[in-house]
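Working notes for the structure below.
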Amino acid sequence: MPILKYTASADTTIVDAYKPYTLNRAYYANMGAADSLEVFSIYHSGTAPELSRVLVNFPVDKISKDRETGIIPASGSTRFIFRLYNVKHSETLPTNYYLSVLPISSSWDEGYGLDLDNYTDIGQTGSNGYGAGWLFRSEASGGSTWSSGGGDFVESFEKKYYLDNGTEDITVDITDIIEAQLTGTLPKNGIAVKLSGSYEDGNNTTYYTKRFSARSSQYFYNVPALEVRWESIVKDDRGDFYYSSPNLSNSDNQQNIYLYNRVNGTLKDIPNSVLPYVSIKDENSNTLTSSIQTVKVSTGVYKASFAITGSEEQALSDIWSSGSNVYYTGQINAKIRNFDDTFVQNELVFSLTNLKNSYKNYEKPNIRVFGRYKDWSPNIYKVASKEINTLTFKNLYYKIFRIVDGLTIIDYGIDPIAYTLCSYDKNGNYFDLDMSMFEAGYGYGIKLMVLNEDIKVEIPTIFRFKVE
């Protein structure tokens, strides 16, 4: 499944705000166990503003291990999306401002404080206490301070996010930050969120108060998260293969076929890092093209891309070999493209043929999609004895939402990364789901959408399942 979510491993709010009814600032306050995170700036004429900032960290070491084991792809193929979720509250909301998202350069301790209002829970105070505040960040060496009050940041990686009405969630691409943390260019100390530039300290305006859900929130989908998105799409044209046409460009005429090297049901690489070549033969064993180079897509999966001309529909043979070794011989039913002089938009009917009513949250099912035109009526003399073959869709997307309230869990991922684009092979379209991303005890719905250039056609049918 080309989307994974890592939840925060630590988060807290640090402030230099005045304690209620005093002239003392809450430099030592800690809020590491609070269920909300808070960002604000309160303007004072003649004195420094009162500030609040958010610190969040993620399990970068686990992300690194998942990359090493192939769970997520290599650098350059993935996007890391930082997400914080708005908390509704009765206080005044700031509007029309920018937040800064940037990496933290020094380590810090989360702490156990809860009090976001009166700042009565104390964190690190020199050699005593535990948990980051405005002045102290860690208990190491008898209490380590920030190099400057309010946190240490790497300004060159700063991202800015605009909030209009103040109720927005945050969705920021921080791929360069996480990749730098994975390679050791940046320390693995997390992400800070604060008001940006003059909005924090020089705008002569109060921005009070923006709150986000913390990792201790009771709401499963609202905790700070790092989403990893990538394209993991198999485009295997074996079941929907066409000869080249002068009506199409060279790239559109390219067809892909795959070899899945399964040994006792498990995908394994061909020994000695061999990349086989492919030859195509017609029904009379005449070689139409040969020495087609292949590429390795993933463990045990190889792809050949080519275009071939023909004037009659027939069954072609594809031979995957290297030297005297033949690894696989398959069949391709080659077809000729037909082009209409009228535009007809046929209504589509879909089903998810192997979707179960319920899943355990550790399952990772492969969901198969069957699609056909509505009112499809075959010629009984020719095809009544044949199975109804599914249509193959090159631009079929899915999304997942919670049934009880319509909350979108995974939206249609189209641009810039098509992370919910369905794969396809000789048996039609399919996609994978990691059920650990869904809160147990709820029912969910799957919707499908066909994208035709800029036209989006959402299928009205809802396919339901439950996670236990």
Side-chain angles (χ1 to χ4, degrees), residues 1-7 58-59 61-74 77-81 83 220-221 223 225-236 258 260-269 296-301 303 350-370 390 393 396-403 407-413 417-449 462-468:
M1 179 178 176
I3 177 171
L4 280 179
K5 181 180 287 188
Y6 298 88
T7 56
F58 291 100
D61 287 337
K62 175 172 174 48
I63 297 172
S64 179
K65 290 180 181 179
D66 286 348
R67 172 167 281 175
E68 289 174 3
T69 56
I71 295 175
I72 63 174
S77 300
T78 54
R79 309 301 294 178
F80 293 93
I81 310 300
R83 304 203 65 180
F220 183 87
Y221 293 110
V223 299
L226 187 65
E227 286 186 0
V228 190
R229 302 173 182 175
W230 69 94
E231 290 187 12
S232 179
I233 305 155
V234 172
K235 299 180 178 181
D236 189 345
Y258 283 67
Y260 307 91
N261 190 48
R262 288 190 173 89
V263 180
N264 296 325
T266 302
L267 287 168
K268 292 184 177 293
D269 288 341
K296 178 183 170 182
V297 177
S298 58
T299 301
V301 180
K303 179 177 75 171
F350 286 92
S351 63
L352 303 185
T353 56
N354 64 339
L355 183 70
K356 298 193 301 185
N357 290 328
S358 65
Y359 294 90
K360 302 297 184 182
N361 65 356
Y362 54 79
E363 292 187 77
K364 298 180 180 179
N366 174 270
I367 308 299
R368 281 282 167 179
V369 182
F370 180 91
T390 181
F393 298 88
L396 180 66
Y397 294 81
Y398 67 90
K399 84 169 186 178
I400 316 290
F401 66 96
R402 190 165 60 185
I403 295 293
L407 177 67
T408 297
I409 310 302
I410 302 175
D411 208 350
Y412 295 120
I417 293 181
Y419 60 90
T420 65
L421 178 61
C422 294
S423 297
Y424 55 87
D425 58 18
K426 66 179 181 180
N427 297 315
N429 293 96
Y430 64 91
F431 59 93
D432 299 320
L433 278 182
D434 185 341
M435 293 300 170
S436 67
M437 293 186 61
F438 304 100
E439 185 177 11
Y442 287 91
Y444 297 91
I446 301 174
K447 294 292 293 289
L448 299 175
M449 180 187 70
I462 297 174
F463 305 98
R464 299 168 185 258
F465 67 94
K466 185 178 180 180
V467 177
E468 300 176 343

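In what follows, every heavy atom counts, from backbone to side chain, and hydrogens, waters and symmetry copies are set aside.
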message: Distance check, rounded to the nearest 0.5 Å: Ile400 atom CD1 versus Phe431 atom CZ?
response: 5.5 Å
query: Below 4.5 Å, heavy atoms only, C-beta onward: do Lys399 and Thr420 meet side chain to side chain?
result: no
task: Dump the intermediate steps for side-chain contact (heavy atoms from CB on, under 4.5 Å) on Leu433 and Tyr398, then the final yes or no.
output: CA-CA 11 Å; Leu433 278 182; Tyr398 67 90; 4.2 Å; yes
Tyr424 backbone acceptor or donor facing Asn429 side chain under 3.5 Å: no
- prompt: Picking from Asn366, Thr353, Asn354, Leu352, what satisfies side chain to side chain contact (heavy atoms under 4.5 Å, CB included) with Tyr430?
  reply: Asn366
- request: Taking all non-hydrogen atoms of both residues into account, name the closest pair between Met437 and Ile410 and its distance.
  value: CE-CD1, 4.3 Å
- prompt: Please walk me through it: do Tyr260 and Asp425 pass side chain to side chain donor-acceptor pair (under 3.5 Å)?
  reply: CA-CA 11 Å; Tyr260 307 91; Asp425 58 18; 4.9 Å; no
query: If you count the non-hydrogen atoms of other residues, nucleotides and ligands that lie under 6.0 Å from NZ in Lys447, is the total more than 12?
result: yes
message: Can you tell me how far apart OH (Tyr444) and CD1 (Ile403) are? Round to the nearest 0.5 Å.
response: 10.0 Å
- request: Taking all non-hydrogen atoms of both residues into account, name the closest pair between Val467 and Met435 and its distance.
  value: CG2-SD, 4.0 Å
Set of ring-ring contact (aromatic ring centres under 6.0 Å, His included) partners for Phe393, sequence neighbours left out: Phe350
query: What pair of heavy atoms forms the shortest contact from Ile417 to Arg229, and how long is it?
result: CD1-O, 3.8 Å
- request: Measure the NZ-CD1 distance between Lys356 and Ile367 for me, rounded to the nearest 0.5 Å.
  value: 9.0 Å
task: Could you tell me whether a side-chain N or O of Asn361 sits under 3.5 Å from a main-chain N or O of Ser436, the two making a donor and an acceptor?
output: no
message: Distance check, rounded to the nearest 0.5 Å: Ser232 atom OG versus Tyr419 atom OH?
response: 14.5 Å
- prompt: How far apart are the C-alpha atoms of Tyr6 and Phe58, what are their side-chain angles, what is the distance that settles it, and do they pass the ring pair (Phe, Tyr, Trp, His ring centres under 6.0 Å) test?
  reply: CA-CA 7 Å; Tyr6 298 88; Phe58 291 100; 8.6 Å; no
- request: For Glu231, enumerate each residue passing the salt bridge (Lys or Arg N to Asp or Glu O under 4.0 Å) test, keeping only those at least two apart in sequence or located in another chain.
  value: none
Over 12 foreign heavy atoms within 6.0 Å of NZ, Lys235: no
query: So, for Asp269 and Thr299, which heavy atoms are closest and what is the spacing to 0.1 Å?
result: OD1-CA, 3.3 Å
query: What's the verdict on side-chain contact (heavy atoms from CB on, under 4.5 Å) for Leu267 and Val301, showing C-alpha distance, side-chain angles and the deciding distance?
result: CA-CA 7 Å; Leu267 287 168; Val301 180; 3.8 Å; yes
message: Keeping Tyr397 on the side-chain end and Ala418 on the backbone end, is there a donor-acceptor pair under 3.5 Å?
response: no
- line: Distance col, row Leu421:CG vs Leu396:CG, nearest 0.5 angstrom, shows 7.5 Å
- request: Specify the closest pair of heavy atoms between Lys303 and Tyr258, including all atoms of both residues, with the distance to one decimal.
  value: CD-OH, 3.3 Å
- line: In this structure, CD1 of Ile409 is separated from CZ of Arg402 (nearest 0.5 Å) by 5.5 Å
message: Under a 3.5 Å distance rule, please check whether Thr390 uses its side chain to pair with a backbone N or O of Phe370 as donor and acceptor.
response: no
field: Set of salt bridge (Lys or Arg N to Asp or Glu O under 4.0 Å) partners for Arg83, sequence neighbours left out
entry: Glu227
Where Tyr221 and Phe438 come nearest, the two heavy atoms and their spacing: OH-CA, 3.2 Å
query: Does Lys62 pair with Asp66 as a salt bridge, N-O distance under 4.0 Å?
result: yes
field: Residues, nucleotides or ligands: over 12 heavy atoms within 6.0 Å of Lys466 NZ
entry: no
message: Would you say Arg67 and Thr78 are linked by a side-chain donor-acceptor pair, where the criterion is simply a distance under 3.5 Å?
response: yes
